[in-house]
Each structure stands twice: as structure tokens, then as C-alpha cells.
Number of protein chains: 2
Amino acid sequence: MLIDFDEIRLESGKTFGPVTIAYQTYGNLNKDKTNAILIFHALSGDANVAGWWGGVVGAGKAFDTDKYFIICANVLGGCMGSTGPSSLNPKTEKPYALLFPSITIKDMVIVQARLLDHLGIEAVYAVAGGSMGAMLSLQFSISFPDRAKKVIAIAGTAKTSAQNIAFNEVGRQAIMHDPNWQDGYYYGKALPNNGLAIARMIGHITYLSDKSMRNKFGRGMRDEGLKDRFTAPLFEVESYLRYKGLAFTERFDANSYLYLTRAIDLFNIEDEGEGSLQKAFAKTSARFLIIYFKSDWLFPEYQSLEIVDAIKNNFGSVSYRAIESNYGHDAFLLEIDQLTHTIRNYLGDGE
Amino acid sequence: MLIDFDEIRLESGKTFGPVTIAYQTYGNLNKDKTNAILIFHALSGDANVAGWWGGVVGAGKAFDTDKYFIICANVLGGCMGSTGPSSLNPKTEKPYALLFPSITIKDMVIVQARLLDHLGIEAVYAVAGGSMGAMLSLQFSISFPDRAKKVIAIAGTAKTSAQNIAFNEVGRQAIMHDPNWQDGYYYGKALPNNGLAIARMIGHITYLSDKSMRNKFGRGMRDEGLKDRFTAPLFEVESYLRYKGLAFTERFDANSYLYLTRAIDLFNIEDEGEGSLQKAFAKTSARFLIIYFKSDWLFPEYQSLEIVDAIKNNFGSVSYRAIESNYGHDAFLLEIDQLTHTIRNYLGDGE
């Protein structure tokens with residue numbers, strides 16, 4: 001489904017519009033409108049949460065669509081139905097490209113709060129998300145302290161680290177140095193797919209763990225005869241990354257990658273508390289569940305613990321689970337049994 | 001200094017030549033020719049070891065040039081004076097480019113053993129190196145079991161992991177997708193510097209640690225006004241990486257990067273023991289010092305411990321030091337005091 005806004009006010013102070021947001025819902029909203037759960041997707045996700053998170057969203061699953069009204073929207077700046085740099089700029093009748101404004105994680109949640117207004121939902125029972133989705137969950141809880149009872153932040157952080165920014169920047173450089181990028185104005189022409197594929201390959205390495213890569217690929221070789229031919233992949237892991245990179249270019253817009261990774265870079269909940277994470281979380285009385293997967297090195301455990309400590313120091317309510325996994329950051333998409341157990345207990349508690 | 005060989009026999013079975021090797025020596029070889037130490041450089045290093053490792057190589061330093069005769073050579077396949085893909089192919093009178101043969105870490109040490117022949121040195125007192133230099137040190141000890149009394153392998157591994165290969169591959173993809181790469185035949189024309197810079201940026205992230213990046217850059221911003229301009233670096237860490245990437249292109253050849261990273265990918269000491277690391281190390285009676293730095297995630301500690309265990313299981317002589325450091329993989333270039341203490345003790349022991 002689509003919802004249109006004439007105009008939104010961005011964190012930068014600029015107004016921007018019109019804005020279309022693509023969203024999907026699952027299950028039924030109860031009479032009191034108290035059973036809604038808003039799920040936020042990660043960098044490359046979309047509104048079809050029953051697709052990309054099908055293991056935990058559905059009838060009888062952790063986010064039980066027999067019980068809850070599940071909402072998921074494509075983020076502002078994305079390329080899966082919501083307004084982003086590839087959308088038509090009504091003023092020029094061409095895609096925005098780099099005329100699209102700089103956006104933040106806060107802008108994304110503000111738009112989704114307006115979607116809740118439209119659905120007549122004053123407060124959701126929970127917000128939830130992994131990776132960038134965890135950032136949106138945390139931001140929502142602070143920007144709208146009375147609009148979410150529970151907050152589930154999985155494989156996330158309260159502020160992006162220098163290392164995260166660095167990986168994002170290398171991906172952006174790969175896109176911007178693709179000659180097809182054309183300063184962002186490539187729509188209707190050849191796409192900067194080589195650059196976008198390289199950005200995605202870097203991403204994938206950071207989503208996996210050293211151990212999961214060892215288990216999955218090891219030093220497996222495709223063909224020893226390829227040793228002196230760089231253009232063909234020699235090792236299994238190379239073949240996998242090239243495939244994943246290429247597949248990504250068929251469904252994602254390179255400029256969206258620039259804007260969304262920049263929004264991730266700029267994410268820092270401390271800004272909501274004058275530089276103090278504790279002060280930032282003092283604004284909300286939501287109950288939190290923070291989940292960390294033990295092999296996630298993109299957002300290491302200290303980043304989850306910082307959130308837990310900040311909430312505890314405010315005498316807030318926070319549950320913390322560090323879940324065993326070899327899958328690295330991607331575990332939030334893969335460790336279905338452990339997530340189901342943890343999320344179901346948490347959502348059921350004190351209903 | 002330069003030394004020329006008419007021809008060398010490569011691990012692939014092919015013969016290749018002529019080969020020039022650039023090397024430097026420091027200090028004096030004693031009458032018995034028993035005080036030589038052969039140091040191997042890392043991926044981007046060169047023969048000028050007193051330059052890039054000046055903290056540990058020199059008069060009164062860990063590798064004491066008053067006491068030892070230090071030798072360092074640019075590796076085969078490199079671009080700092082030794083024959084590599086940018087060297088002139090005498091048959092075509094043009095640079096080899098991709099006509100340069102596929103090479104391995106073993107090929108590199110075989111050539112350097114021939115340099116020792118030329119210098120009249122039957123056996124060195126020690127071989128030593130960090131990162132790729134550690135790989136060459138280990139390989140030397142097995143390819144030439146009687147030619148090194150001591151082996152110092154720092155921040156290394158006995159076999160490259162899937163994650164290492166993956167990072168190398170993304171760098172290679174960035175180079176090969178640079179339109180200036182021209183299937184490798186770019187010499188005398190515009191160079192694939194954008195791709196090489198991206199490869200180097202990825203490398204730098206893996207050489208640092210999350211903590212060292214936090215300490216050095218944190219979330220420091222250069223100019224908040226740059227938030228919506230992707231082509232200018234916004235965060236300090238972006239600026240640093242761009243600078244490092246660009247600087248690298250002024251001194252390194254993109255095809256050398258392809259060949260050397262591929263040699264690193266192919267490195268697996270188990271191949272010397274029919275798939276068994278223990279069997280491989282059974283071939284040598286050298287004494288080993290294995291050094292690991294605790295924040296090095298590119299070659300994690302289990303990789304150093306695998307080497308230690310394999311040698312121990314052969315009842316071989318091995319010392320192991322896990323050194324505290326926040327510097328990540330780069331610690332082998334930076335933790336001078338701790339390296340000095342450890343190396344000096346080890347070299348002095350049983351002289």
C-alpha cells in the first residue's frame with residue numbers, strides 16, 4: 001500500500017515533499033488499536049517483512065500475525081516504493097538524484113509516525129528491527145516516547161562507529177568512482193552497477209563472521225586452472241561475493257545506497273541527550289529488549305551494552321540477551337529459533 | 001642493490017626469466033657468515049627495511065645492525081625494483097602486465113634463497129617478517145629447513161582464511177572495474193588509480209582495529225555543511241582513508257596488487273604436509289617465535305595458535321607471545337617497544 005504526504009519537515013530544518021511511503025500490514029488491528037507492531041527493515045530491506053523475515057513474522061510465529069497487527073514500511077530515501085533519490089522530482093519531472101535532500105534516521109521514523117497517524121494508531125505495542133532497523137527502533141522510542149510500549153533492538157548500536165563509517169565510505173567511493181555514476185544523474189542510462197556490486201560485496205563480508213565464512217567456504221577452490229586469471233573467481237568465496245554483488249544491483253538503487261549509508265553514519269542517539277546516552281534515554285519510558293549475537297563484529301557487544309547501561313542508569317526497563325551464533329551480523333536474519341523464543345517471551349510478558 | 005637471474009623455476013612448474021631482485025643490506029657480514037638476518041616485507045613494503053621498520057632495524061635496535069647483517073629484498077611480483085608485472089618483458093619490449101606468470105609465496109622465498117647463494121650465505125641466523133612477511137618466514141623455514149636457525153613470524157597465519165581472501169577479492173574487483181585498468185594493459189596510459197585507492201582503503205580498515213579507529217577518529221566531523229555532499233569527505237575517518245588510498249597510488253602498481261594478493265590467497269602451509277600443518281612443520285628443525293597482537297582481527301589469534309600447536313606437536317621449539325595492543329594488524333609496525341623487548345631476547349637467546 002502507498003500513503004502520500006504533501007510535505008514533511010526534515011531534521012535539517014528543510015521541508016520536502018511530496019513524499020510517498022510504501023508499506024504493508026499483516027493480521028488485524030484490534031478494536032482498541034493496541035496490538036500494532038511496527039517493524040523497521042535494515043539497509044537493503046523493504047516493506048515485505050513477511051518475505052525477508054518470514055521466519056519470525058507470520059501466523060503462530062514470534063511476531064504472530066494471528067495476534068498482532070504488523071506494519072512495515074520502506075524507509076524514506078529507499079528504492080522499494082517509498083520516495084528516494086530515484087523517485088520523480090515533480091519540479092523537474094526527472095528523478096531527484098542528488099537533488100534529493102540529506103536525510104537521517106530521525107527523518108525516517110518521523111515519516112513512519114505519520115503513517116501511524118494515518119492508520120489511527122496512537123501508540124504501537126512494539127517497535128522492532130535489526131541492524132539499521134534497530135537504529136530506527138531506538139530513535140522512534142526517543143522521538144516518540146509515548147508511542148511505543150516495547151522496543152526490540154537487534155544487532156544494533158546507539159551510534160555508528162568510525163569503523164562502520166569507514167566501511168560505508170569505501171562502498172560509496174566504489175559507487176562514485178564508477179564512471180556510470182555520472183555525479184548521480186545516471187537514471188535512464190547505464191547504471192553504476194559495478195560500483196554498487198563492490199559496495200555490496202564489502203557489506204556482505206561485514207555481515208558474516210570469520211567463522212561462518214570458514215564453515216561455508218573455507219579455502220574451497222572452483223578451478224585450479226584459474227590461478228593466473230584474475231577476472232574469473234578462483235575461490236568459492238569470491239564466486240559467492242560476486243554473485244551477491246551482482247544480484248543486489250538488480251534490486252537496489254546506487255544513490256539510495258549513498259543516502260541510506262550516510263544516514264547510518266550520522267546516527268548518534270547521544271545527540272538526543274546533549275552528548276549523553278543516558279540523558280537521551282531518560283526521555284522515554286518504553287521497555288527495551290536489546291539482542292546481541294556473539295559473533296557480530298560489525299556492531300560489537302560493547303555497543304549493545306552501552307545501550308543497556310544507559311537505560312539501566314535511568315532506572316528504565318531493559319532486558320538483554322547475548323545469543324550464541326556463528327553467523328555474525330546476519331544472525332538477526334538467520335537465528336530464527338533463538339529469536340522466536342526470546343521475542344515471543346518478551347512480547348507475551350505483561351501484555 | 002640489484003641481482004639478476006637468467007631464469008627461475010616457479011612452483012607452477014613454469015620457468016620464468018630474466019628476474020631482477022632489488023635488495024638492501026645493513027651492517028656487516030661476519031667472517032663465518034653466521035650473523036645474517038633476512039627480513040621479509042609485507043604486501044606494500046619494499047627492500048628499505050630501515051625505512052618502514054626503522055623502529056626495530058638499526059644500530060642498537062632489536063635487529064641490531066652493529067651485530068647482525070640485515071638483508072631485505074623486494075619480493076618477486078612487486079613494484080619496488082624487483083621483477084613484477086610492471087617490468088619490461090624482453091620478448092615484447094613492453095611491460096608484462098598480465099603476461100606476468102602466476103606466483104606464490106613459495107616462489108618469492110625461492111628467489112630470495114638464490115640471493116643468499118649469491119651473497120655466499122649458506123644459512124641465516126634468522127628470518128623474520130610481519131603479515132605477508134610472516135608467511136614468507138614460515139614458508140622459508142619449510143622450503144629450506146637448514147637455511148634458517150630462527151624464524152620470527154609476526155601477525156601472520158599458516159593459511160589465508162576465507163575472510164582474508166574475500167577482502168583481497170573486493171580490492172581486486174575495485175581495480176579490475178576501474179575503466180583505466182584495460183585488462184591490465186594500462187602502462188604508459190592513465191592508471192587505474194581510483195580502483196587501487198579503493199583497494200587500499202579496504203586494506204587500511206582491516207589493518208586497524210575498531211578501538212584504534214575510535215581512538216584516532218571517533219565520530220569527528222570535518223564540516224557539518226558537507227552532510228549532503230557525498231563527493232567531499234564528511235567524517236575524519238573518510239578523509240584519512242581517502243588520503244591513504246590516494247597516497248598509495250603514487251607508489252604502487254595495481255597489477256602488483258593483483259598478483260601479490262593472489263599469492264597471499266593461495267598461501268597454505270598445509271600444502272607442504274599433504275594437508276596437515278603438523279606434517280608440514282615436521283620438515284624443519286628451526287626455532288620459532290610466533291607473535292600475535294591482541295587486537296589483530298585480520299589474522300585472529302587462533303591462526304597464530306594453530307602454528308604454535310603444529311610445531312609443539314612435532315616436539316619442535318616454539319615461543320609464543322600474545323602482545324597487548326589496540327593497533328590491530330598494524331601493531332607489527334607500531335608496537336616498537338614491545339617488539340624490541342621480545343625480539344631482542346629471542347635473538348640473543350642461545351647465540
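Reminder, nothing fancy here: chain letters follow the sequence lines and each chain counts from 1.
- If you measure heavy-atom distances from B:Tyr302 to chain A, the contacts under 4.5 Å come from the side chain alone.
- B:Ile198 approaches A:Ala174 most closely through the heavy-atom pair CD1-CA, 3.5 Å.
- The two residues A:Ile205 and B:Phe167 have their closest heavy-atom pair at CG2-CZ, 3.4 Å.
- Contact count versus chain B (heavy atoms, under 4.5 Å) is highest, among A:Asn164, A:Leu258, A:Asp183, A:Val237, for A:Leu258.
- Residue B:Ser12: no heavy atom, backbone or side chain, is found under 4.5 Å from chain A.
- Ranking A:Gln163, A:His204, A:Glu236 against chain B, the residue ahead of the rest is A:Gln163, based on heavy-atom pairs under 4.5 Å.
- Of all heavy-atom pairs spanning A:Ala162 and B:Arg214, the tightest one is CB-N, 4.3 Å.
- Checked for salt-bridge contact, A:Arg219 and B:Glu270 miss the test: no charged N lies under 4.0 Å from a carboxylate O.
- Taking the side chain as every heavy atom from C-beta outward, B:Asp210 and A:Phe299 never approach each other to under 4.5 Å.
- Across every non-hydrogen atom of A:Ala166 and B:Leu241, the tightest pair is CB-CD1, 3.5 Å.
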Check step by step if side-chain contact (heavy atoms from CB on, under 4.5 Å) holds for A:Asp178 and B:His177.
CA-CA 8 Å; A:Asp178 186 320; B:His177 280 304; over 6 Å; no
Give the C-alpha distance, both sets of side-chain angles, the deciding distance and a yes or no for side-chain contact (heavy atoms from CB on, under 4.5 Å) between A:Arg172 and B:Glu238.
CA-CA 10 Å; A:Arg172 285 190 295 263; B:Glu238 296 174 318; 2.6 Å; yes
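- At a threshold of 4.5 Å between non-hydrogen side-chain atoms, the residues B:Glu169 and A:Leu234 do not count as touching.
- Residues A:Pro179 and B:Pro179 come closest through the heavy atom pair CG-CG, 3.5 Å.
- Options A:Lys216, A:Gln173, A:Lys159 differ in how many heavy-atom pairs under 4.5 Å they form with chain B, and the most are formed by A:Gln173.
- Inter-residue side-chain proximity for B:Leu266 and A:Phe235 is flagged as met; some heavy-atom pair is nearer than 4.5 Å.
- Heavy-atom contacts from other residues, nucleotides or ligands closer than 6.0 Å to CZ of B:Phe217 number more than 12.
- With a 4.5 Å cut-off on non-hydrogen atoms, B:Asp265 touches chain A through its backbone and its side chain both.
- In this structure, the side chains of B:Val170 and A:Arg200 stay at 4.5 Å or more apart for every pair of heavy atoms.
- The 12-atom threshold is exceeded at CZ of A:Phe248, counting heavy atoms of other residues, nucleotides or ligands nearer than 6.0 Å.
- There is no contact between A:Ser212 and chain B, counting heavy-atom distances below 4.5 Å.
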